[in-house]
Amino acid sequence: MYRTNYVEIDLGAIRHNAGVMRARLSGGTRLLAVVKADAYGHGALAVSRAALEAGASMLAVAIPEEGEQLRSAGIAAPILVLGGIEPEAAEAVVRNRLTQTVFDAGTIDALSQAACRLGVPAQVHVKLDTGMSRIGVRSAADAARLALAADAAPGVQLTGAFTHFATADEPDATDTLSQIARFEEMTAAIAAVHPDPIVRHACNSAGIFRYPQAHYDMVRGGITLYGCVPSPDIAGVRQAMRWVTRAVYVKDLPAGARISYGGTFTAERPMRVMTVPVGYADGYRRAFSGKAQVLVRGRRAQVVGRVCMDQIMVDVTDIPGCAAGDEVVLMGAQGEACITADELAAWADTISYEILLAPSGRVPRVYR
């Protein structure tokens with residue numbers, strides 16, 4: 001690494017956040033740690049290990065390739081693939097002993113064929129669409145039919161059923177309570193035709209804190225595992241990601257100087273401006289132009305002018321002693337000050353999830 005520009009991941013925060021969620025669970029409820037999308041940009045392998053150490057009993061990924069990578073690295077815990085698959089992926093799912101989400105008979109058939117070829121059972125969780133309108137069967141009758149199809153398929157084991165709340169982070173509970181009622185109706189229909197116990201799970205991060213009646217057998221901890229909160233009434237978690245770089249140049253500019261592409265910022269007074277070697281090629285989004293702040297010497301400094309591909313400029317006029325080589329924190333804490341992923345998201349008119357995934361491949365991850 002020839003320049004200081006890295007994302008620091010606090011694995012202690014991951015373990016702490018898993019503990020915060022587990023402390024809220026009803027008796028007997030297990031925690032599934034969602035590590036899809038490279039653990040929301042934090043590094044799936046390191047986060048998986050930390051979450052399992054902190055008491056998570058299952059992991060979840062979005063696609064089979066993510067589960068395969070974890071298996072190749074030695075992760076033995078149960079792994080749920082949350083998304084649908086093409087038939088060609090069935091063999092990889094079974095070979096890697098992944099639990100596959102199913103919502104149609106064709107996927108069950110593909111998994112059955114793969115299980116018979118490999119001599120390895122294919123475990124499945126039925127996805128129930130209770131109001132998200134994304135994937136999943138929509139009625140109790142369809143849920144029962146899919147359970148019967150899974151039971152009739154050689155080599156297939158139906159071990160779970162789940163749904164996903166669409167508005168659990170919203171103040172109005174009406175839709176979520178409706179989803180809970182539909183989920184219970186649909187899982188009852190499954191139980192009527194499939195007497196063996198299954199793992200039921202519905203709660204996402206917001207649901208864990210706001211709907212204890214829906215904890216069931218397992219909950220899925222996603223964004224809160226990483227220290228971001230889907231609802232302002234959730235507290236006690238620590239942000240795990242910190243993005244750090246160093247200044248390369250500081251100079252004085254006269255009043256009237258224009259800064260960066262398009263000259264969109266004009267100095268109204270003599271200024272000291274720091275150039276920082278990070279830009280939208282690193283994932284520091286152009287939408288931050290003129291809005292975002294960074295931390296320098298424990299104080300906030302305003303980004304001025306447009307974010308460039310590889311550099312940004314910040315106003316350090318009122319921060320004495322700034323010089324090339326100073327640490328600059330783009331996200332996370334420096335001393336008592338902190339810039340959160342939620343703040344960055346607000347500056348870019350997006351959500352914290354997208355911010356955590358923003359640092360590009362040329363920004364290394366380091367762990368502590």
Side-chain angles (χ1 to χ4, degrees), residues 1-17 40-43 46-47 50 223-229 235-251 259 271-285 287-305 307-308 310-348 350 352 354-360 362-368:
M1 185 164 54
Y2 300 111
R3 60 174 185 154
T4 302
N5 181 10
Y6 61 88
V7 166
E8 180 182 79
I9 307 300
D10 182 356
L11 295 175
I14 297 291
R15 288 187 285 267
H16 168 81
N17 298 336
Y40 293 39
H42 292 67
V47 169
I223 192 67
T224 302
L225 182 65
Y226 306 100
C228 295
V229 294
V237 296
R238 300 186 345 225
Q239 185 169 297
M241 181 180 286
R242 183 172 181 262
W243 192 352
V244 182
T245 184
R246 290 192 181 278
V248 295
Y249 194 39
V250 177
K251 63 178 156 189
I259 297 175
M271 293 179 64
R272 281 182 67 76
V273 173
M274 172 182 284
T275 300
V276 179
V278 65
Y280 55 79
D282 301 289
Y284 196 79
R285 298 180 55 175
F288 295 146
S289 299
K291 300 177 183 177
Q293 298 173 343
V294 302
L295 300 178
V296 182
R297 299 193 170 213
R299 295 175 61 180
R300 287 176 176 249
Q302 185 72 39
V303 174
V304 290
V307 172
C308 307
D310 312 294
Q311 299 175 86
I312 59 172
M313 282 66 74
V314 300
D315 179 5
V316 294
T317 307
D318 298 322
I319 306 177
C322 290
D326 280 355
E327 180 188 76
V328 179
V329 174
L330 309 171
M331 177 169 58
Q334 186 186 62
E336 297 300 314
C338 183
I339 291 175
T340 67
D342 286 311
E343 281 187 279
L344 285 162
W347 290 324
T350 185
S352 59
E354 193 169 29
I355 296 300
L356 297 179
L357 288 164
S360 71
R362 76 178 191 181
V363 181
R365 273 65 170 168
V366 299
Y367 296 91
R368 66 176 178 85

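Throughout, numbering of the chain's residues begins at 1 and tracks the sequence. This one's a predicted model, so the numbers in the text were calculated from it and none came from an experiment.
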In sequence, state the C-alpha distance, the side-chain angles, and the governing distance for V250 and V273, and then conclude on side chain to side chain contact (heavy atoms under 4.5 Å, CB included).
CA-CA 6 Å; V250 177; V273 173; over 6 Å; no
Do [X] side-chain atoms and [Y] backbone N/O form a donor-acceptor pair below 3.5 Å?
X: Q293; Y: A301; answer: no
X: N17; Y: L225; answer: yes
X: R272; Y: I319; answer: no
X: S352; Y: A341; answer: no

So how far is it from [X] [atom1] to [Y] [atom2], rounded to the nearest 0.5 Å?
X: I355; Y: R285; atom1: CD1; atom2: CZ; value: 5.5 Å
X: T350; Y: L357; atom1: OG1; atom2: CG; value: 10.0 Å
X: C338; Y: L295; atom1: SG; atom2: CG; value: 7.5 Å
X: R297; Y: D326; atom1: CZ; atom2: CG; value: 4.0 Å
X: H42; Y: L11; atom1: NE2; atom2: CG; value: 9.5 Å
X: I312; Y: Y280; atom1: CD1; atom2: OH; value: 13.5 Å

Can you check side chain to side chain contact (heavy atoms under 4.5 Å, CB included) on V278 and D310, steps first, answer last?
CA-CA 5 Å; V278 65; D310 312 294; over 6 Å; no
Any side-chain heavy-atom pair of [X] and [Y] under 4.5 Å:
X: R368; Y: E8; answer: yes
X: V303; Y: V276; answer: no
X: H16; Y: D10; answer: no
X: I339; Y: R300; answer: yes

Which pairs with one or both residues in residues 311-322 pass side chain to side chain donor-acceptor pair (under 3.5 Å), sequence neighbours excluded?
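Listed by first then second residue: R269-D318, D315-T317.
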Qualifying residues under ring-ring contact (aromatic ring centres under 6.0 Å, His included), relative to F288, sequence neighbours excluded:
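Counting only residues at least two positions away or on another chain, F288 forms a ring-ring contact (aromatic ring centres under 6.0 Å, His included) with Y284.
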M331 and side chain to side chain contact (heavy atoms under 4.5 Å, CB included): which partner among T340, V294, L344?
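Between M331 and the candidates, side chain to side chain contact (heavy atoms under 4.5 Å, CB included) is satisfied uniquely by L344.
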If you compare all heavy atoms of [X] against all heavy atoms of [Y], which two are closest, and at what distance to 0.1 Å?
X: V296; Y: C322; result: CG1-SG, 3.8 Å
X: M241; Y: Q239; result: O-NE2, 3.1 Å
X: Y367; Y: A46; result: CE2-CB, 3.6 Å
X: Y6; Y: W243; result: O-CD1, 3.3 Å

With sequence neighbours left out, what residues match [X] under side-chain contact (heavy atoms from CB on, under 4.5 Å)?
X: C308; value: S260, Y261, M313
X: K291; value: W347
X: R3; value: N5, D282, R362
X: R246; value: T4, E327

Should Q302 and V314 be marked as a side chain to side chain contact (heavy atoms under 4.5 Å, CB included) after you check the CA-CA gap, both sets of side-chain angles, and the distance that decides it?
CA-CA 5 Å; Q302 185 72 39; V314 300; over 6 Å; no
Could you walk me through whether V244 and V7 pass the side chain to side chain contact (heavy atoms under 4.5 Å, CB included) test, one step at a time?
CA-CA 6 Å; V244 182; V7 166; over 6 Å; no
